[in-house]
Amino acid sequence: MSTTTTSNTFENDFHKNHIQINNFQRGLLTVGSAFMSIVDPYRADMIACLGETAGTSAIMYMMRKMESSEEGAEILRQKPRINSQTVDLDKLKKYPEGTLGRTYTRFLEDNNVTPDSRLPVQFIDDVNAAYVLQRYREAHDLFHAILGMPTNMLGEVTVKWIEAIQTKLPMCIGAAIFGPVRLKLKHRNLYKNYYLPWALETAHNSKFLLNTFFEKRWEQPLNELHKELNIKPLVLPNT
Amino acid sequence: MAIVENHIADTGVRHGAKPVKEIRGCCVLGSRITLQVSIKVGLGYPGPHLTSCVTFLNLFPDTKMDRPSTSTRYGDPDYEKQLLKWYDEIEDDDNEIDNVEESEHDSCSELEISDDEYEERELYQSEQAVSDPEYQDNDSEQVLEKSKELIDEKESTPEEKSENDQSRTKAKGPKSCITTTHSNPEDSDKETHFGFQTVKESEKGQKVYSVFENVASSYDKMNDLMSMGIHRVWKDILMCRLGPTENTKLLDMAGGTGDVAFRFVNYTKNDNIEKSCHVTVCDINADMLDVGKSRSKALGHDPALISWQQADAENLPFKDNSFNAYTIAFGMRNCTRIDKVIREAYRVLEPGGRFMCLEFSHVENDAFRWLYDQYSFQIIPVMGHLLTGQWQAYQYLVESIRQFPDQETLKEMIEQEGFREVSYENLSLGIVAIHSGFKL
């Protein structure tokens with residue numbers, strides 16, 4: 001898989017999916033998708049849309065963070081994609097326990113998700129900015145795997161907090177603030193006492209997560225990666 | 001090279017209401033090569049024009065050809081039959097487009113007719129035309145002169161013609177090299193519009209199908225939202241204008257989700273004539289038909305009153321003269337060849353039958369049109385995307401409305417296919433228009 005082909009694939013996909021909109025439509029889409037996301041959080045396309053239309057300055061910030069790091073700049077140059085064609089999931093399943101690859105595939109199996117479910121970016125005009133957002137979407141599952149968070153509402157909100165603080169995307173901020181409204185009672189206590197403080201601490205202490213070139217680190221043991229990124233995994237006290 | 005024969009005659013075929021004249025010529029190019037040319041000139045809208053040009057290059061004149069070579073038999077009904085049979089054997093360029101639709105014939109209905117019957121029907125019609133005394137035009141002299149002029153023109157530009165021939169050559173076997181060119185004003189490019197994009201005709205059908213596949217389930221909800229419920233009034237008015245009486249057999253084309261069909265059933269129920277009336281709902285898209293079927297069930301309609309048929313409007317699987325009313329509501333602009341749709345409608349309607357088309361049209365008033373455009377392009381795709389996640393489908397929708405012919409043009413197209421008493425009525429200041437014509 002040479003670098004030129006992966007970069008071209010993203011550009012081709014980008015042109016196929018790009019839709020030109022003006023500011024009035026952007027405003028309408030922002031308000032509408034925010035409303036639809038709260039009413040029906042399972043509408044992933046609405047959450048994605050909100051991320052695109054409201055996230056211009058946040059994406060600029062993310063791009064600056066990536067360009068200032070060596071690994072991040074490499075990612076921007078190569079524009080790798082994470083989906084079932086680019087990632088050999090069968091090979092990763094065979095990796096030893098505790099490696100990133102094995103943890104990721106186990107996460108996908110346990111939660112019954114696939115890396116192909118990420119929607120393409122449609123409403124962003126600059127191809128590099130579009131790639132940053134696409135990378136963010138595709139890396140979301142990997143964040144779950146690295147942080148050890150499940151895909152229920154509690155885990156999602158925790159990951160969203162970390163993403164919100166690191167990426168400054170309005171969509172993440174909105175989800176982090178309004179998401180807990182839907183938490184069940186028993187999760188609410190856990191959230192307040194353990195998950196939320198841990199999320200805030202991890203977000204501030206750890207390095208910028210999007211700067212991790214996951215494709216080169218499949219064999220890396222997870223605890224080593226944690227040390228590198230300065231993440232302390234959440235440990236719930238046994239009651 | 002010597003020109004051996006040069007004749008002008010009626011072909012016995014009608015192009016809409018006007019006859020098609022044929023000019024035939026034959027010239028010998030060499031010891032073993034003869035070139036026979038047949039040019040058909042249609043006299044319907046928009047004036048004399050070429051409908052087909054067949055050149056027949058006979059490379060082996062010793063071989064016995066089916067094609068009749070005598071030229072003194074014009075007016076002879078047997079000869080006309082032979083000619084038509086021969087023309088049938090030549091593959092048209094049209095078949096390239098029709099191949100997409102022909103696969104739809106697999107869904108057989110009892111009204112479907114076989115290929116033999118199609119041929120018979122054509123021969124029958126031509127025989128009727130030949131024996132019809134009205135067919136001898138008063139202006140046939142003028143036509144002959146015009147055709148002669150055309151022949152003179154054609155002969156003076158042989159290079160052009162041969163270029164045309166080469167680009168459309170189709171080998172039909174070792175015996176001959178037949179080329180056919182069609183220069184009908186509507187299919188000269190074989191490209192058409194898909195919203196504001198340009199696509200090949202063969203692709204448009206598939207693209208439209210996938211647009212509707214994606215929106216089928218939320219179609220009705222979106223219609224309500226986009227037109228703020230006014231589309232219900234438009235369809236009510238359509239049914240009012242149709243005013244079905246007893247023994248009405250309606251064909252509702254592109255009527256997938258059943259809006260017009262259900263109004264028909266209610267109208268006939270109100271007048272207590274539903275026992276003698278029937279509606280066939282036809283749509284190219286099976287998903288839309290499924291939605292319609294489940295709606296009908298939910299509303300508790302008598303299944304005997306409505307039948308559902310998947311078919312292409314350009315190629316209906318019904319016999320001639322099998323319906324006395326035909327409606328197409330908001331479906332025409334999705335069809336690739338509007339003239340073909342109208343022609344098929346003419347075919348399946350019985351004499352006295354009524355053709356009605358409810359479709360988006362052009363707004364005359366400038367200020368109102370500006371408002372309407374803003375609403376269409378700014379708000380509708382956004383709403384569509386928010387509700388269904390399908391921006392492109394709704395972008396296509398508003399673009400296809402702009403590309404559709406306006407009221408007068410559509411009226412002329414309907415008249416060209418043979419309908420009489422064609423009229424149109426604007427609704428909502430021209431956002432929508434109802435066109436109506438009768439087969440007389």
Side-chain angles (χ1 to χ4, degrees), chain A residues 12-56 114 116-127 129-130 133-134 137-138 140 170-171 174-175 178, chain B residues 193-200 203-204 206-229 367 369-403:
Chain A
N12 293 340
D13 284 347
F14 171 73
H15 286 296
K16 211 167 42 157
N17 292 310
H18 180 241
I19 297 174
Q20 189 73 35
I21 55 173
N22 59 32
N23 286 333
F24 174 68
Q25 289 172 322
R26 206 172 282 270
L28 262 186
L29 269 178
T30 311
V31 171
S33 55
F35 176 70
M36 294 300 289
S37 307
I38 298 188
V39 161
D40 185 3
Y42 291 106
R43 283 287 300 277
D45 55 337
M46 285 296 104
I47 299 175
C49 182
L50 183 58
E52 289 173 37
T53 52
T56 341
T114 155
D116 294 327
S117 55
R118 299 298 150 187
L119 294 162
V121 170
Q122 290 177 304
F123 300 115
I124 296 182
D125 297 332
D126 176 33
V127 59
L133 197 62
Q134 188 76 40
R137 274 186 203 163
E138 289 172 354
H140 179 77
M171 176 267 284
F178 292 108
Chain B
H193 53 82
F194 179 74
F196 289 156
Q197 296 172 30
T198 310
V199 299
K200 288 206 191 53
E203 287 175 358
K204 177 167 177 176
Q206 188 52 42
K207 286 189 139 199
V208 170
Y209 193 100
S210 45
V211 163
F212 281 93
E213 208 172 17
N214 293 332
V215 304
S217 49
S218 49
Y219 186 71
D220 296 315
K221 201 169 47 167
M222 275 309 300
N223 280 347
D224 269 335
L225 202 62
M226 290 192 290
S227 64
M228 296 178 280
R369 188 175 52 238
W370 183 87
L371 269 175
Y372 175 53
D373 282 349
Q374 294 312 307
Y375 177 70
S376 293
F377 286 102
Q378 306 300 335
I379 301 193
I380 286 184
V382 173
M383 276 202 310
H385 187 71
L386 288 176
L387 277 162
T388 63
Q390 300 279 339
W391 179 287
Q392 300 289 30
Y394 291 92
Q395 187 72 29
Y396 159 74
L397 170 73
V398 298
E399 287 175 359
S400 67
I401 292 175
R402 275 30 183 212
Q403 294 289 73

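Proteins get letters first, then strands, A, B, ... in listed order; numbering begins at 1 in each.
The salt bridge (Lys or Arg N to Asp or Glu O under 4.0 Å) search around B/Asp373 returns B/Arg402, not counting sequence neighbours.
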Could you pull out all donor-acceptor pairs under 3.5 Å where a side-chain atom in residues 34-41 of chain A meets a protein atom, sequence neighbours excluded?
| from | atom 1 | to | atom 2 | distance (Å) |
| --- | --- | --- | --- | --- |
| A/Ser37 | OG | A/Ser33 | O | 2.6 |
| A/Asp40 | OD1 | A/Tyr42 | N | 3.3 |

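Contacts from residues 14-22 of chain A to chain B, taken as heavy-atom pairs separated by less than 4.5 Å, involve A/Ile19, A/Ile21, A/Asn22 in sequence order. At a heavy-atom cut-off of under 4.5 Å, chain A is reached by B/Phe377, B/Gln378, B/Ile379, B/Val382, B/His385 from residues 375-385 of chain B, listed in order of number.
Closest of all the heavy-atom pairs between B/Leu386 and A/Met46 is CD2-SD, 3.6 Å.
Residues B/Trp391 and A/Gln25 are in side-chain contact: their nearest non-hydrogen atoms beyond the backbone lie under 4.5 Å apart.
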